[in-house]
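Proteins come first, then strands; the chains are lettered A, B, ... in the order of their sequence lines, and each starts at number 1.
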Amino acid sequence: MKNPQLEKGYEPVQVEEDLYRFWIEQKLFQAEVEAEGPTFSMVIPPPNVTGTLHMGHALNTTLQDILWRYHKMKGHNVLWLPGTDHAGIATQNVVERMLAQEGVDRHQLGREKFIEKVWEWREKFGGIIINQLKRMGAACDWSRERFTFDEGLSKAVREVFVRLYQEGLIYRGDYIINWCPRCLTALSDLEVEHEAQEGNLFHIRYPLVSGQGAVIVATTRPETMLGDTAVAVHPEDKRYQGLAGQEVHLPLTQRRIPIIADTYVDTSFGTGALKVTPAHDVNDFEIGKRHDLAVLKVIGPEALMNEEAGVYQGLDRKACRQKVLEDLNALGLLEKVEKYTHNIGHCYRCKTMIEPYLSKQWFVRVAPLAEKALKAVENGQTRIYPKTWERTYFDWMNNIRDWCISRQIWWGHQIPAWYCDQCGEVIVDRTAPSSCPACKGKDLRQETDVLDTWFSSALWPFSTLGWPEETRELKVYYPTSVLVTGFDILFFWVARMMMMGLHFMGQVPFHHVYIHALVRDAEGQKMSKSKGNVIDPLLIIDRYGTDAFRFTLSALAAQGRDIKLSEERIEGYRHFVNKLWNAARFSLSHFEDLTEDSSLTPTVEDTINTWIISRMQRVIENVENGIREYRFNESAHELYQFVWHEFCDWYLEFIKPVLYQKEDGREKQVTRMTLFRVLSAVLKLAHPFMPFISEKIYQSLPGERVSILKASFPDRTRFPANEKAEKEIEFIKGLISEIRNIRGEMNIPPAKNVEICLRVSEAAQRALVETHAPHLLILAKGSGITFLGPEKNPASAVSGVWEEMEIFIPLKGVIQFDEEEKRLEKELVKLRKERAQIDNKLSNEDFRQKAPADVVEKEKEKLRSLAQKTEKLEGHLGRIKELMAKS
RNA sequence: AGGCACGUAGCUCAGGGGGAGAGCGCUACCCUGACACGGUAGAGGUCAAGGGUUCAAGACCCUUCGUGCCUACCA
């Protein structure tokens, strides 16, 4: 079929499904390593396998897809590599919950069986989010989809671990870490969410052993006192001079603990005396190390008090606090209770209160890695957009602490370390050793801990391309061009990829990092399931179509600002999709038998076509710049503005009379060809933002067309700029608008044709008007045009001025003089105000001397024009007043 | 406690030193043969406040006031 007609209404759902399948079948998303042209590569931020598409993914995917489609059409060697993250704790939790419904506990299954279950789960549900990304139109190369826990990536993980260990950048040791008593695992600092909570500051009396009074300590966690092994005061605190070295009785226990002096203590906080619990507080642990204090654990992994807690054994930390307080009170040792708000850490997965917990864990020594990652951003090897995030990145890199990478869960990369039970040797290797290299013993146990999920994510940009093999992919696509992500994982992920990429590849993992906004609800609240304010992207797609949704996200994606999304907004942009569809339908109805003919270019006299071609050039430039600079909203806005308010509102209206001509003359041929060229360019410009509708229309254009993705992005040099045409059309548009304004204000019925009387100031203007008379008559509803001489004014008319041209519209009898008087006066007030401003400016000596000449000249010109207009309108007003006096 | 944003039309927000903008909403008139998911016209702003730089500031600098967010081991 040569010119398939488009249906009356655009039906997104069916079109989207068909076209997406078509793109896949045509293998249009597949990267070809050996393809020509500059490369453009991206790796997707791998969503959690447990996830379902939320607004953040939708935005993230849209922006990457825009970039990909743009570069694809630019003819570049493109790759967009997709995949998912095994999401250790999150996935384990999901599967555990599922098993719990069947009444099964993972410990009953055992580690191996449980992991099998998780893989089964992944087979079944792991593809959900991938399919949802497809509904967004994502042009990922699905043939290269990866999983952070697949075989290749696991190999990369082991390789990295072994190398870092050998370089002394991974170590194992006893430290206080963040412990989740529900997940029963260590968490990194980043995995802890801090939240301000109202609590109490308890003042507790610790009697001195000497019997000479007591020290009062202040604490928010009285239950930990059972594990106290010292009380610390500041060495220079006058209140406690001479106490250091003495001992106190630790209430509720039989123990005596020393008073020590340490400068860590803040004399202005609480009582200035600090109870020290090395096993249950990070700072206390440090103090303990400095003073060689005993370390006494009183809380177990499940946050229950252990045997060291004496009578409190078995109580959970909360119940224990109650009991301890009661007992202290009974003894008269609870001095005071103050209200106190402080931050409490919670597990980012299950929200359980974190317990600082002393245990043996694996760590990455990040300082040396961070140094390189810091420099790479400082010297611009990687640029972060918007730039303001660089500072945040620097701050964090400068204050980075070692990264706890071991997790006491089952789902994840098991740490490749083995312990020899005979001699205590620790062996770290790529594969399981058969015997201990130290004692030849065969009794080896593998470390049961697994690695933090983010450990494997940190390798994503190179592990997905085949590392540690030296693949062609790595050569061609690494470093990737840009990483598009939200700021919430700047530290979790971006910073760590920087460190690992630089360390193992010797090059940054990406040239650009584009940090996009967070999508919030219409009230600016973060969307979350618990708040119930989540807008489901898939619902939106069903309701409005992917293109409308994507365009909305793009239009709102201003740098550095969060997006407040409301459905009305999406509805508004759906209207735009509809507008484009209808403009295309109209255009297509005039493309019958059209064959491309390069000789059919508009002549200079053909201002309408020359104008739209000229405008097209600017639009291409602006849309392209927007994409290049990650100012997607500007591209979207430019497109919207042009398509709706220039192409549809003016160009299509201007050319209708020509298109409706009976005979197929050259003017009509050129116009049809120009319309075709402009529409084609518009579709290509729109494609990255609205992939489906643009492809659908494109495939309906005359000629052999496989896919818009095989077309090249519009080349602006093929749309010559023409300033003269632009000025001329601006003049005509303005004249038409002025007449419409008069009509509208004076309530002339839209259907009524009126005589347009003009008094021109120069011959050139008259020629212009004559050339465009047909447009004037149609678009301003004129019955005819009369040129007036200098002497004669229509007896009874409403009037206006445009570019020194006086406009009169004679109205027989019906004219309401008072209305016209009001209108003219209002206009004059505005003009005088404007004039006063410019007068003011121009009378400023400094302005005339220091401002650039062209600016001054422009102001002078403005003033001249305003003066003219004012004078003419004043004349019109005077005449109206005369007429009013007569009647 | 530090850091980072943001206060512009009724609402949501663009605005990169030289005449205050968009979308939605609102008002009036129109079903004109692509589109009523539409057309034409209109109303609506001391650009948070104060100071500074500049011939020129919504934009750049400082202060204040409000609002968000991020980071942090003050018990």
Round to a whole Å and report the spacing from OH of A:Tyr651 to P of B:A34.
-> 15 Å
Donor-acceptor contact present, side-chain A:His645 to main-chain A:Val643, <3.5 Å = no
For the pair made of CG in A:Leu776 and P in B:U40, what is the distance, rounded to whole Å?
-> 16 Å
Polar atom pairs between nucleotides 23-31 of chain B and protein, under 3.5 Å, N or O only, would you list them?
{"from": "B:G23", "atom 1": "OP1", "to": "A:His645", "atom 2": "NE2", "distance (Å)": "3.3"}

Without hydrogens or angle criteria, can the side chains of A:Thr277 and A:Asp228 be said to hold a donor-acceptor pair below 3.5 Å?
-> yes
Base, sugar-phosphate, or nothing: which does A:Glu861 touch, judged by heavy atoms less than 4.0 Å apart?
-> nothing
Counting any heavy atom closer than 4.0 Å, what does A:Glu571 reach on the DNA or RNA strands: base, sugar-phosphate only, or nothing?
-> nothing
Sugar-phosphate only, base, or nothing, as touched by A:Lys8 at under 4.0 Å among non-hydrogen atoms = sugar-phosphate
Would you verify whether the NZ or CZ of A:Lys656 falls within 45 degrees of the ring axis of A:Tyr651 while also being under 6.0 Å from that six-membered ring's centre?
-> no
Among the candidates B:C74, B:C4, B:G42, find the nucleotide nearest to the side-chain atoms of A:Lys826.
-> B:G42
So, does A:Ser635 use its side chain to make a donor-acceptor pair with the main chain of A:Ile627 at under 3.5 Å?
-> yes
Verify the contact: side-chain N or O of A:Tyr660 to OP1 or OP2 of B:A34, cut-off strictly under 4.0 Å; return yes or no.
-> yes
B:A22 base / A:Glu638 side chain donor-acceptor hit below 3.5 Å = no
Could you tell me whether A:Tyr340 contacts a base, only the sugar-phosphate backbone, or nothing, with contacts defined as non-hydrogen atoms closer than 4.0 Å?
-> sugar-phosphate
Which part of the nucleic acid does A:Val577 contact within heavy-atom distance under 4.0 Å: base, sugar-phosphate only, or nothing?
-> nothing
Can you tell which of B:G19, B:G16, B:A34 lies closest to the side chain of A:Leu866?
-> B:G19
Would you indicate what A:Asp649 reaches in the nucleic acid, counting non-hydrogen atoms under 4.0 angstrom: base, sugar-phosphate, or nothing?
-> sugar-phosphate
Among B:U40, B:G19, B:A34, the nucleotide that comes nearest once only the side chain of A:Ala583 is considered | B:A34
Locate the shortest heavy-atom distance separating A:Leu59 from A:His516; write the atom from each residue and the value.
-> CD2-CD2, 3.6 Å
Reference residue A:Phe576; test ring pair (Phe, Tyr, Trp, His ring centres under 6.0 Å); the match among A:Phe551, A:Phe689, A:Phe642 | A:Phe551
Within 6.0 angstrom of A:Glu819 CD, more than 12 heavy atoms from elsewhere = yes
When the distance from CZ of A:Phe487 to C1' of B:G3 is rounded to whole Å, what number comes out?
-> 14 Å
Using a cut-off of strictly less than 4.0 Å, decide whether A:Asn741 has a side-chain nitrogen or oxygen near OP1 or OP2 of B:G42.
-> yes
Which part of the nucleic acid does A:Glu738 contact within heavy-atom distance under 4.0 Å: base, sugar-phosphate only, or nothing?
-> nothing
Given A:Asn622, which of A:His637, A:Arg631, A:Glu638 fulfils the side chain to side chain donor-acceptor pair (under 3.5 Å) condition?
-> A:Glu638
Starting at the 5' end of RNA chain B, write a dot or bracket for each base, bracketing those in Watson-Crick or G-U wobble pairs whose two distances are under 3.5 Å and using | for partners on another strand.
-> (((((((..((((....[..)))).(((((.......))))).....(((((..]....))))))))))))....
Scan A:Asn844 against the nucleic acid and name what it touches under 4.0 Å (heavy atoms): base, sugar-phosphate only, or nothing.
-> sugar-phosphate
Between CZ of A:Phe492 and P of B:C70 the distance, given in whole Å, is 12 Å
Please state the C1' separation for the pair B:U54 and B:A59 - nearest whole angstrom.
-> 13 Å
Within the structure shown, what part of the strands sits under 4.0 Å from A:Gly199 by heavy-atom distance: base, sugar-phosphate, or nothing?
-> nothing
Rounded distance (Å) that lies between atom P of B:A1 and atom NE2 of A:His342 = 16 Å
Which part of the nucleic acid, if any, lies within contact of A:Arg835, taking any heavy atom under 4.0 Å across all strands shown: a base, the sugar-phosphate backbone alone, or nothing?
-> nothing
No-H, no-angle donor-acceptor pair, A:Lys656 side chain to B:A34 base, under 3.5 Å | yes
Using a distance-only test with no angle check, is there a side-chain donor-acceptor pair under 3.5 angstrom linking A:Ser188 and A:Glu191?
-> yes
Taking 4.0 angstrom as the limit, do A:Lys826 and A:Glu745 come out as a salt bridge?
-> yes
From CG of A:Asn582 across to C1' of B:G33 the rounded distance in Å is 13 Å
Check every atom of B:C74, B:G19, B:C35 against the side chain of A:Asp266 and return the nucleotide holding the closest atom.
-> B:C74
Reckon A:Arg585 touches a base, only the sugar-phosphate, or nothing at all at heavy-atom distances under 4.0 Å?
-> sugar-phosphate
Counting side-chain heavy atoms from C-beta on, which of B:C55, B:C37, B:A75 comes nearest to A:Pro852?
-> B:C55
If you pin A:Cys648 and A:Lys830 to their nearest nucleotides in RNA chain B, which one's is more 5'?
-> A:Cys648
Which is true for A:Glu745 with a 4.0 Å heavy-atom rule: it touches a base, it touches only sugar-phosphate, or it touches nothing?
-> sugar-phosphate
Taking only N and O in the side chain of A:Lys579, is any of them less than 4.0 Å away from OP1 or OP2 of B:G39?
-> yes
Verify the neighbour count for atom CZ of A:Arg848: are there more than 12 heavy atoms of other residues, nucleotides or ligands below 6.0 Å?
-> yes
note: A:Leu274, atom CG; B:C74, atom C1'; distance rounded to Å ~ 9 Å
For B:G17 versus B:A56, give the span between their C1' atoms, rounded off to a whole number of Å.
-> 8 Å
Nearest-Å distance for atom pair CD/C1', residues A:Glu634 and B:C13 | 13 Å
Report the relative orientation of the aromatic rings in A:Tyr630 and A:Tyr385; use parallel for angles under 30°, tilted for 30 to 60°, perpendicular for over 60°.
-> tilted
